[in-house]
Peer 1: 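First, the structure itself, so that you have it in front of you.
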Amino acid sequence: MIPVKARNFATSQQLLERARRSLAGGVSSPFRASFPVPLYFADGRGAHLTDADGNEYIDYVLAWGPMILGYRHPALVEAMRRQSEKPYCLGEEHELEIAVAEKIQQLVPCAERVAFCSSGSEAVQLALRLARAYTRRNLILKFEGHYHGWMDSTLVSHHAERSALGPIERPNTVLHSAGQVPNTVENVVVAPWNRLDILDRIFSERRAEIAALIMEPVQCNSGCLMPGDGYLAAVRDLCRRHGTLLIFDEVITGFRMGVSGAQGFYGVIPDLATFGKAVAGGLPLSVVAGSSGILEQMFGGGVAFGGTFNGNPISLGAAQATLNELSHDDGAALKQANRLGRKLTDGLAVRAKQEGISLKVTGFGAALSLHFTKRNELRDYRDTLDDDRALLERVLLAALEEGLHLVPDGRMYVSAAHTESDIDQTLAAFERVFARGQ
Ligand SMILES: Cc1ncc(COP(=O)(O)O)c(C=O)c1O
């Protein structure tokens with residue numbers, strides 16, 4: 001058992017108790033209700049955060065992904081300040097929308113046209129509606145363990161219990177939430193990821209029914225698992241042959257793997273892609289990108305779409321600053337984040353091995369995940385179910401005591417603000433955690 005020193009979280013505890021009297025659950029998202037108490041933060045700069053009790057952390061949560069440039073980045077602060085002195089909500093057109101759309105067009109291969117909304121969940125809904133209208137089909141294919149937001153239509157087989165999954169050749173479509181419309185399961189077919197043979201069979205059975213296949217091109221929401229060699233290209237081909245649109249949900253991979261997303265990294269171009277999180281460096285903005293024939297259906301093609309905050313000037317100001325910073329010098333900022341992330345990945349694996357701990361670290365650098373598992377290979381969601389979750393929790397708690405702030409599922413995001421010294425300190429801290437044993 002890894003012993004836990006007592007850091008003081010008394011102020012966070014008091015704030016939680018106060019919050020519970022007004023705010024449902026005391027937190028703004030149930031994902032944040034993590035141990036030992038949900039932390040209340042007071043300040044942050046670069047890759048560092050300070051909580052309400054004055055505890056300092058190297059942050060690997062990045063607000064669950066958006067803070068790709070770190071906290072209080074001067075270019076973002078300045079862009080937001082500039083916009084705040086103008087009408088900061090218009091509900092009308094303004095030139096910044098065009099400038100950011102043009103920038104995304106330059107960077108993202110599939111972005112013949114873009115549309116703006118505010119959250120990743122919304123962007124996914126728009127992409128699915130566009131795909132259904134375009135193909136005049138209903139069924140959506142998604143993968144076990146992939147997350148596409150909290151809306152009824154996609155929140156299935158996200159983190160289902162092993163007993164609910166059904167046979168791998170023919171997985172069940174598992175509802176995730178009480179109150180979710182039950183007939184969601186009639187509209188979504190589920191497949192295991194990284195298994196082309198099974199996907200091929202599902203396609204041949206459901207032939208002309210599947211409007212769109214949606215996937216995270218890297219399975220970030222269930223353990224940062226990478227696609228097998230040639231898998232994405234083969235799925236691209238399969239979709240084309242069956243008249244199904246391919247949607248890459250790049251809400252995590254976008255503006256993190258590189259400035260052109262996973263599609264640029266792998267050279268596999270989807271019909272539609274969704275972006276969120278990092279695109280505006282911490283401000284609420286999401287994007288649907290794709291071919292003009294598909295997106296222009298919103299204007300004359302009968303596809304309904306709306307959103308009071310679509311194209312919000314402060315979000316777009318932040319997006320412009322973020323995209324300029326990330327694309328500057330041939331994408332140097334993200335190259336650095338990914339390089340440091342790979343150093344962390346390799347360093348963690350070596351240190352765990354030295355202590356005889358079975359740890360597999362997966363991911364692409366700027367997003368990585370810890371798996372305490374004896375498996376040599378992790379290919380899909382089902383493989384991650386063998387992880388020792390109790391050990392992960394103990395390690396996360398000990399890491400928190402060392403001043404490391406990680407996502408509660410063992411994910412770590414590395415930003416452009418992390419430094420070589422942050423990574424060295426993190427590895428030294430994990431060395432102490434691992435040395436204390438299991
Ligand atoms: C891949 C992916 N798609 C969609 C979403 C939903 O985005 P949001 O939380 O902004 O609604 C998320 C959120 O984590 C995500 O990781």
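Atoms within each ligand, like the ligands themselves, are counted from 1 in listed order. Note that these values count all heavy atoms, side chains included, but never hydrogens, waters or copies made by symmetry. Along the sequence shown, residues carry numbers from 1.
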Peer 1: For ligand 1, which atoms sit closer than 4.0 Å to a heavy atom of S121?
Peer 2: 6 (C), 7 (O), 8 (P), 11 (O)
Peer 1: Can an N or O of N221 be found at a distance shorter than 3.5 Å from an N or O of ligand 1?
Peer 2: yes
Peer 1: Would you mind listing which atoms of ligand 1 come within a distance below 4.0 Å of any non-hydrogen atom of G149?
Peer 2: 4 (C), 5 (C), 6 (C)
Peer 1: Take the angle between the ring planes of F143 and W193 and call it parallel below 30°, perpendicular above 60°, tilted in between.
Peer 2: perpendicular
Peer 1: Ion pair present between R20 and E17, side-chain N to carboxylate O less than 4.0 angstrom?
Peer 2: no
Peer 1: With a 4.0 Å cut-off on N to O distance, would you call D200 and R195 a salt bridge?
Peer 2: no
Peer 1: List the closest protein heavy-atom neighbour of atom 8 (P) of ligand 1: residue, atom name, distance to the nearest 0.1 Å.
Peer 2: G120 N, 3.5 Å
Peer 1: Quick one: pull up CZ in F203 and CG in L213 and give me the separation to the nearest 0.5 Å.
Peer 2: 5.0 Å
Peer 1: Please confirm whether K277 comes under 4.0 Å of ligand 1, counting heavy atoms of the residue only.
Peer 2: yes
Peer 1: Between E169 and R201, is there a side-chain N and carboxylate O pair less than 4.0 Å apart?
Peer 2: no
Peer 1: Tell me which protein heavy atom sits closest to atom 3 (N) of ligand 1, plus the residue, atom name and distance to 0.1 Å.
Peer 2: D249 OD2, 2.6 Å
Peer 1: Number the atoms of ligand 1 from 1 as they appear, then name those within less than 4.0 Å of a heavy atom of H148, with their elements.
Peer 2: 3 (N), 4 (C)
Peer 1: Please verify the inter-ring angle class for Y57 with F41; under 30° counts as parallel, over 60° as perpendicular, anything in between as tilted.
Peer 2: perpendicular
Peer 1: Answer yes when D386 and R162 have at least one side-chain N-carboxylate O distance shorter than 4.0 Å, and no when they do not.
Peer 2: yes
Peer 1: With heavy atoms under 4.0 Å as the rule, classify the contact between Y147 and ligand 1 as side chain, backbone, both or neither.
Peer 2: both
Peer 1: Under 4.0 Å from a heavy atom of S119: give me the atoms of ligand 1 that qualify, with their elements.
Peer 2: 10 (O), 11 (O)
